[in-house]
Engineer: 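Below: one structure in structure tokens.
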Amino acid sequence: VEPTAKLIKELKERGYKLYVLSNMSKEYIEFLREFPVFEYFDKQVVSCEIGIGKPDRRIYEYLLSNYDLDPAETIFIDDRKDNVDAAEELGITPFHFDRTNPEQACDDLRKVIYSE
């Protein structure tokens, strides 16, 4: 999705660390990794590769501990409310992404990120 890809590139150029935390099948993540936007992500945690899926708190804990991330300095973005709620329970800033309006969602996300 073009607005999302543009925001990912923008954030990387500004020096932000970016991670994928996703529930995907092996076939689908392999397909997506072929897209140029994936080069901007520092690391990826995918449910099919570690055997834990969102919203299980252990997948968020896996991401935080394996990449030494401070929950207070981390924003979790997802289009499912139950997933952002689970992240918030661990002290991560949640952002519920409205996939029906990605341009507006990206603008709203910029406000959250750049106001911190």
Engineer: Would you call Asp82 and Lys54 a salt bridge, using N to O less than 4.0 angstrom?
Structural biologist: no
Engineer: Kindly give the heavy-atom pair with the smallest separation between Leu64 and Pro71, and that separation in Å.
Structural biologist: CD1-CG, 3.9 Å
Engineer: Any ring-ring contact (aromatic ring centres under 6.0 Å, His included) pairs touching residues 71-101, not counting sequence neighbours?
Structural biologist: Tyr60-Phe76
Engineer: Transitively linked via ILVMFWY side-chain contacts under 4.5 Å: Leu32 with Val45?
Structural biologist: no
Engineer: Report the C-alpha separation of Arg33 and Val46 in whole Å, then their side-chain angles, then the decisive distance to 0.1 Å, and conclude whether the side-chain contact (heavy atoms from CB on, under 4.5 Å) test is met.
Structural biologist: CA-CA 12 Å; Arg33 285 177 174 150; Val46 184; 3.6 Å; yes
Engineer: Calculate, to the nearest 0.5 Å, the distance between atoms CD1 and CD1 belonging to Ile59 and Ile50 respectively.
Structural biologist: 4.0 Å
Engineer: Looking at CG of Asp56 and CG of Asn83, how far apart are the two atoms once the value is rounded to the nearest 0.5 Å?
Structural biologist: 10.5 Å
Engineer: For the atom pair OG (Ser25) and CD (Glu49), what is the distance rounded to the nearest 0.5 Å?
Structural biologist: 10.5 Å
Engineer: Taking the basic N atoms (NZ, or NE/NH1/NH2) and the acidic carboxylate oxygens, is any pair closer than 4.0 Å for Lys9 and Glu13?
Structural biologist: yes
Engineer: Give, for atom CD1 of Ile77 and atom CG of Leu21, the distance between the pair rounded to the nearest 0.5 Å.
Structural biologist: 11.0 Å
Engineer: Please report the C-alpha distance between Tyr67 and Asp42 in whole Å, then the side-chain angles of each, then the deciding distance to 0.1 Å, and finally whether the side-chain contact (heavy atoms from CB on, under 4.5 Å) criterion is met.
Structural biologist: CA-CA 10 Å; Tyr67 302 114; Asp42 295 277; over 6 Å; no
Engineer: Looking at Ile75 and Ile92, what are the two nearest heavy atoms and their distance?
Structural biologist: C-CG2, 4.1 Å
Engineer: Would you say Arg99 has more than 12 foreign heavy atoms packed within less than 6.0 Å of its CZ?
Structural biologist: no
Engineer: To the nearest 0.5 angstrom, please state how far the CG atom of Leu69 sits from the OG1 atom of Thr74.
Structural biologist: 5.0 Å
Engineer: Does atom CD of Glu103 have more than 12 heavy-atom neighbours from other groups under 6.0 Å away?
Structural biologist: no
Engineer: How far apart are the C-alpha atoms of Tyr114 and Arg14, what are their side-chain angles, what is the distance that settles it, and do they pass the side-chain contact (heavy atoms from CB on, under 4.5 Å) test?
Structural biologist: CA-CA 11 Å; Tyr114 299 146; Arg14 289 180 178 223; 3.4 Å; yes
Engineer: Please report the shortest heavy-atom distance between Ser47 and Asn23, naming the atom on each side.
Structural biologist: OG-CA, 3.1 Å
Engineer: Check the pair Leu11 / Ile113 against side-chain contact (heavy atoms from CB on, under 4.5 Å), numbers first and verdict last.
Structural biologist: CA-CA 9 Å; Leu11 292 171; Ile113 293 171; 3.9 Å; yes
Engineer: How close do Pro94 and Val84 get, heavy atom to heavy atom, and via which atoms?
Structural biologist: CB-O, 3.7 Å
Engineer: Looking at Arg80 and Asp78, is any side-chain nitrogen of the basic one under 4.0 Å from a carboxylate oxygen of the acidic one?
Structural biologist: no
Engineer: Measuring from atom CG of Leu90 to atom CZ of Arg57, what distance do you get when rounded to the nearest 0.5 angstrom?
Structural biologist: 4.5 Å
Engineer: Does the side chain of Gln104 come within less than 4.5 Å of Asp98's, by heavy atoms?
Structural biologist: no
Engineer: So do the side chains of Leu109 and Leu7 get within less than 4.5 Å of each other, counting heavy atoms only?
Structural biologist: yes
Engineer: Please answer: with hydrophobic residues joined when any side-chain heavy atoms are less than 4.5 Å apart, are Phe31 and Ile29 in the same cluster?
Structural biologist: yes
Engineer: State, to 0.1 Å, how close Gln44 and Phe38 come at their nearest heavy-atom pair, and which atoms those are.
Structural biologist: NE2-CD2, 3.4 Å
